[in-house]
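Heads up, the thing below is written out as structure tokens.
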Amino acid sequence: MDNKPSLSQYFGSNEVPPASQFFDEIGTSPTDMIQSVYLGDPDTRPQTTATGIFPQNMTTSFIQNKMPQEMTFTNVVPTVSGSTAIPAASLPDPSTFFDTIGPEPQIGSIKSGVTATSVLSDAMDGLSIKNQPIDKDADRRRDAWIPNEDAKKTLLKAQSSPKGSFFPEREVLTMPGIVLEEELADALQEVAVKYLGVSSAGIHGVVRAEHVSRDEAGLRELLRTGYLRSAINLTATLISAAGQGAGRMHRPTKHTPRSLQLWLTRFAVMCRIKLYEPLMKEAEPFGDFSKPDMFYQFYPDSYENRTGSLVPFSLRLLIAELPMHANKPEEAMDRLYAMLDVIEQMIANLNEGKIEDGTGTISIEDQNESLRLWTARQTRVLHSIVNCAIALKDYRLAGNVLSSLGAGAGAGAGAGAAQRRAVASALCRVALLAGHVRAAARHCDAARDLRHHLCPTPDVREYVDLGLIDIAHGKYQDAYNNFAKAADQEPTNIMVANNLSVCLLYMGRLKEAIAVLQKAIHSDPERGLNESLLINLCTLYELESSKTNEKKLNLLRMLCKHKSDTIPNVLECLKLT
């Protein structure tokens with residue numbers, strides 16, 4: 001009889017596939033999916049140099065180490081507990097392996113209280129853009145999108161009608177409105193008052209929407225400091241001022257880049273704190289953003305001679321991925337492939353020397369810039385498709401898409417080798433998800449060979465890949481040794497600490513496993529107090545003793561001292577009843 005410890009025996013489901021018995025939650029849960037796929041828009045941030053696109057000390061989640069660690073959700077590890085009570089087999093498991101496979105502009109470090117990067121970073125940057133110099137070519141390439149045939153007819157009518165004589169039918173209008181009308185309270189404060197009392201909870205200063213200016217600057221401040229529910233409350237105020245607030249759904253309204261940027265911010269924050277039901281309802285009127293009033297041409301009096309979509313690309317992608325959060329990855333896959341079709345058509349037009357929508361010619365310099373932007377966005381959509389495929393457990397499709405990304409990375413050293421190495425490492429982890437340990441080892445060897453073009457010695461990514469393969473073979477001591485080497489290179493890497501702790505648990509060294517996670521929290525509370533680590537530590541507390549309440553309350557006190565309102569469900573993380 002095989003008596004090797006397996007976390008699935010303690011916390012898993014009997015229906016978990018064989019490859020997953022070692023990993024309760026490889027990748028993110030669908031609730032965290034929107035954070036996992038981000039390459040960035042080169043049009044909104046400075047482009048990195050080729051040597052800076054892929055840092056050599058990548059973590060297992062492939063997120064740049066300059067990001068606040070608690071924002072990575074570090075779930076690409078064998079975690080001791082899932083974040084929900086739903087059996088792992090019934091949940092999509094989209095991966096965070098692929099965040100930086102492809103050209104990604106550098107993102108500046110944000111205060112650690114902020115939520116995840118990617119879409120929220122896009123939203124914050126969009127809110128900051130004011131009084132920028134006019135660059136018609138840059139505006140055109142950023143806003144480019146090809147309307148469908150029905151939309152083209154309406155747009156042509158809008159542009160050709162005399163001023164004041166165009167009255168569109170309701171069927172061609174996008175008519176959103178706010179569904180979540182009630183003010184959201186500070187969830188951490190409520191839990192702290194309940195379990196610690198008013199005096200102890202007071203350590204955590206509550207910031208509400210009325211404490212900041214009622215404009216984009218106030219919204220950015222709430223996002224920067226991590227008061228997400230207050231940020232949602234403020235978006236409601238600002239969107240209402242734009243005529244799209246509560247009770248306005250299904251009523252005609254005018255759209256602007258600012259109003260859609262506010263919707264992007266609202267949806268990104270709602271997704272971050274898992275308000276999926278109202279988010280789905282509020283997003284429904286937008287559909288796939290194909291209606292003509294989503295284009296500048298619909299408003300010739302306001303945007304003379306300007307073409308393209310009003311919709312930020314990140315908002316388009318967020319809504320395409322949204323069904324995955326509602327356990328409908330097939331629908332998300334359809335939406336993503338529809339996006340990909342349009343992008344590929346625009347790239348084909350650019351390659352023919354035309355502008356994105358196929359009308360007019362383009363200069364060589366403009367063509368190169370447009371191709372750089374739209375191939376990066378194409379890669380970003382392909383990453384989302386990979387995540388969807390993993391949610392559907394279609395590992396063959398995930399592998400094929402990743403292989404195509406690797407083939408398109410180019411030969412030689414530098415950025416090409418770094419991207420191909422990232423793809424090889426991602427393929428290693430997809431193979432582990434599928435239970436193909438030998439294939440995972442081959443991809444790991446390929447990644448190691450490519451690493452030699454970049455640096456002479458192993459880095460964190462390589463040690464983590466080796467450690468995950470060791471776990472799949474049941475070699476827990478070897479896995480621990482590899483993760484320990486990774487920890488030597490990045491002592492504050494929370495994902496590595498999680499891996500070390502789980503390996504110790506597999507080896508029956510429970511107290512040491514607890515000590516590793518406690519050290520990670522106390523040495524860097526800003527990073528250490530994240531969802532996955534808190535869930536793991538509280539689960540280990542429960543394994544150690546039935547008297548764990550005071551230890552959990554100490555964690556709550558630390559949350560009150562160091563964190564704001566960024567953790568979606570504090571009770572769930574701390575396993576408080």
Side-chain angles (χ1 to χ4, degrees), residues 27-28 32-48 53-54 58 61-64 67 72 94-107 116-123 125-126 141-146 264 267-268 271 288-289 309 311-325 329 332-347 350 356 369-391 397-398 400-409 415 418-419 422-423 426:
T28 63
D32 296 326
M33 176 56 218
I34 203 64
Q35 280 78 249
S36 69
V37 184
Y38 178 66
L39 296 182
D41 284 349
D43 55 305
T44 58
R45 298 189 235 291
Q47 183 73 6
T48 54
I53 292 174
F54 297 100
M58 286 284 194
S61 60
F62 283 22
I63 292 179
Q64 308 232 12
M67 296 300 162
T72 66
S95 163
T96 60
F97 304 161
F98 321 110
D99 287 17
T100 55
I101 305 173
E104 178 173 8
Q106 194 75 15
I107 305 171
T117 58
S118 78
V119 179
L120 266 184
S121 293
D122 286 353
D125 285 352
R141 75 173 66 99
R142 183 188 64 243
D143 301 330
W145 200 256
I146 300 176
L264 167 59
F267 289 165
C271 194
D288 60 357
F289 301 100
S309 175
V311 183
F313 182 79
S314 291
L315 176 58
R316 193 180 294 276
L317 183 58
L318 186 156
I319 298 303
E321 293 173 334
L322 189 55
M324 186 179 299
H325 301 272
M333 186 76 83
D334 291 342
R335 293 186 183 189
L336 290 166
Y337 270 111
M339 277 189 69
L340 189 63
D341 286 343
V342 177
I343 293 172
E344 289 178 344
Q345 181 59 58
M346 289 195 289
I347 291 174
L350 289 167
E356 289 85 353
E369 285 298 307
S370 294
L371 284 171
R372 182 183 67 83
L373 169 62
W374 284 102
T375 52
R377 287 181 169 181
Q378 178 189 41
T379 302
R380 193 170 167 184
V381 175
L382 288 171
H383 289 186
S384 295
I385 289 173
V386 170
N387 286 329
C388 246
I390 292 175
L397 173 60
N400 289 342
V401 175
L402 284 170
S403 296
S404 71
L405 288 170
Q419 184 171 343
V423 169

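Just the heavy atoms: all of them, side chains too, but no hydrogens, waters or symmetry mates, feed the values below. In this chain, residues are counted from 1 in sequence order.
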- prompt: Between the side chain of W145 and the main-chain N/O of F289, is any donor-acceptor distance below 3.5 Å?
  reply: no
Return a table of donor-acceptor pairs under 3.5 angstrom between the side chains of residues 338-345 and protein atoms on other chains or two or more places apart.
unit_1: Q345; atom_1: NE2; unit_2: N349; atom_2: OD1; d: 3.0

Point-to-point distance, once rounded to the nearest 0.5 Å, from [atom1] of [X] to [atom2] of [Y]:
X    : Y    : atom1 : atom2 : answer
R372 : R141 : CZ    : CZ    : 8.0 Å
L317 : L322 : CG    : CG    : 11.0 Å
I319 : F267 : CD1   : CZ    : 5.0 Å

message: Run the side-chain contact (heavy atoms from CB on, under 4.5 Å) test on V381 and F313 for me, step by step, so that the C-alpha distance in whole Å, both residues' side-chain angles and the decisive distance to 0.1 Å come before the verdict.
response: CA-CA 11 Å; V381 175; F313 182 79; 3.9 Å; yes
task: Let me see the working for R142 and S309 under side-chain contact (heavy atoms from CB on, under 4.5 Å), right down to the final yes or no.
output: CA-CA 9 Å; R142 183 188 64 243; S309 175; over 6 Å; no
field: With R335 via salt bridge (charged side-chain N to carboxylate O under 4.0 Å, His left out) - residues at least two apart
entry: E331
query: With A332, which residues qualify under side-chain contact (heavy atoms from CB on, under 4.5 Å), at least two apart?
result: P323, M324, C388
query: Mind checking what makes side-chain hydrogen bond (donor to acceptor under 3.5 Å, both in side chains) contact with Q378, not counting sequence neighbours?
result: none
field: N400: side-chain hydrogen bond (donor to acceptor under 3.5 Å, both in side chains) partners, not counting sequence neighbours
entry: none
query: H383 and V401: side-chain contact (heavy atoms from CB on, under 4.5 Å), yes or no, with the steps?
result: CA-CA 8 Å; H383 289 186; V401 175; over 6 Å; no
- prompt: What's the shortest heavy-atom distance between R380 and S314, and which atoms?
  reply: NH2-OG, 3.0 Å
